[in-house]
Amino acid sequence: MSQKKSGTILDPRQGGRELVLSTIRANERMARIDIAEHTNISAATVTSITAEMISAGLIEEVARDPENGEMKRGRPRVDLKIRGDSHLIAGIKISQKQASVAILDFEGNSLGEYEQDLPKSQLTQDEMAAFVLDLVRNATVSNGLKLDDISGIGIGLAGIVDAPKGFVHWSPQLSDRNIALRDALQKKIKKPCFIDNDANLVAMAEQWFGYGRKVRDFIVVTIEHGVGMGIVINGSVYRGTRGCGAEFGHTKVQQEGALCRCGQRGCLEAYLGDYALLREANIAATPADDESSRQQLIALLAEAKSGNKTAQSIFDRAGKMFAMGLANIVNIFDPALIILSGERMQMDFLYADDVIDQMRKLVVQVDTPPPEVRIHNWGDLMWARGAAAYAMEGVSELALEALGTQDS
Ligand SMILES: [Zn+2]
């Protein structure tokens with residue numbers, strides 16, 4: 001279940017409420033008896049918890065479609081589902097140059113999307129708070145809503161984020177270091193805000209809306225400028241102790257190897273990152289100097305595909321290093337599923353069958369199949385949906401805590 005975000009002492013009943021709500025959410029529609037069986041909470045407690053949630057408007061009853069003759073055995077079964085209009089959530093991904101917003105209802109249905117450029121590449125804490133306020137206001141208005149309709153805001157950004165504390169140690173989009181960004185946002189916007197590292201939010205997006213639904217243990221590897229990783233263990237995002245998340249890109253694949261942007265040598269990213277590929281290409285003098293790095297990479301990949309052996313060797317080496325890194329993940333976590341997630345089509349060479357085959361050869365061999373590997377190309381709006389999922393989890397906790405104070 002979710003980590004505590006508000007810092008108050010947990011009411012023992014609260015854990016049961018959160019489990020019931022997340023179980024209904026994961027299964028979309030579920031009868032009380034099945035919730036009791038699934039959660040190991042007594043049927044009587046499930047009945048009283050769900051009655052509270054219905055009266056608070058968080059969930060609602062729906063008649064189950066008659067199937068398999070169930071109607072014949074007495075009264076029709078009733079399922080419970082999340083009430084979509086109970087809360088609206090805005091999820092934001094802050095990228096290098098722009099921000100994407102997804103507005104979702106409480107069931108996760110999309111109500112609208114919006115994009116806006118960042119005023120500059122690095123903002124101070126106050127500038128970021130003002131930008132997010134303006135962004136959410138514009139996103140709601142452009143979708144026929146108002147800021148007041150929103151119950152919570154989730155924000156994903158690159159960097160090192162201590163999500164439970166809402167604290168940003170460092171982000172490439174912020175000129176200030178070590179800031180309590182969540183508090184600054186809440187003070188400015190006057191809505192509950194939740195922030196996290198973007199790789200963790202991709203893991204949440206996969207868990208709530210993507211290939212990770214109903215998978216207890218899975219790993220998401222994100223490939224953008226760097227290589228990121230989100231870990232879901234036993235149904236929860238694993239965020240580490242220092243909030244640094246999993247720095248898959250800086251795991252070492254070569255002793256005294258290539259120099260990485262982080263200053264160390266032999267990191268996986270020093271072989272896979274776009275700068276790493278171009279560094280090799282520049283030695284081979286393949287692309288022209290006046291092209292942007294993205295165009296250079298596209299040109300390099302085209303050369304490899306058309307049979308240029310030097311260009312091919314650059315991608316082959318990157319693929320081998322990636323296979324080694326993936327095999328290390330499998331050997332440490334033994335996940336059911338690995339999702340390779342990214343929007344950069346030029347990184348397709350990393351998803352090639354022979355890369356996955358190389359990974360399979362490097363994992364511990366047992367008489368059961370290695371984990372499934374799935375490829376998910378998606379854009380910034382899916383990351384924004386992950387941010388919305390995180391805010392939905394937080395808003396659920398606040399709503400359920402409010403139920404707790406009502407009883408006592
Ligand atoms: Zn590194």
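Every number for a ligand or one of its atoms is a count from 1 in the order of the listing.
For the pair Arg25 and Phe106, the cation-pi criterion (under 6.0 Å, within 45° of the ring axis) is fulfilled.
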Run the numbers on Gln264 and Lys252 for side-chain hydrogen bond (donor to acceptor under 3.5 Å, both in side chains), then give the verdict. CA-CA 9 Å; Gln264 298 186 6; Lys252 306 298 181 276; 2.9 Å; yes
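Residue-and-atom listing of protein N/O/S atoms under 2.8 Å from the Zn ion (ligand 1), sorted by chain and number: His250 ND1, Cys260 SG, Cys262 SG, Cys267 SG.
Heavy-atom minimum distance, Gly154 versus Ala391: N-CB, 3.4 Å.
Evaluated for a side chain to side chain contact (heavy atoms under 4.5 Å, CB included) with Val202, the options Ile339, Val221, Val220 yield exactly one hit, Val220.
Between Glu61 and Arg32 there is a salt bridge, since at least one side-chain N of the basic residue sits less than 4.0 Å from a carboxylate O of the acidic one.
Applying the 6.0 Å contact sphere to CG of Asp353 captures no more than 12 heavy atoms from other residues, nucleotides or ligands.
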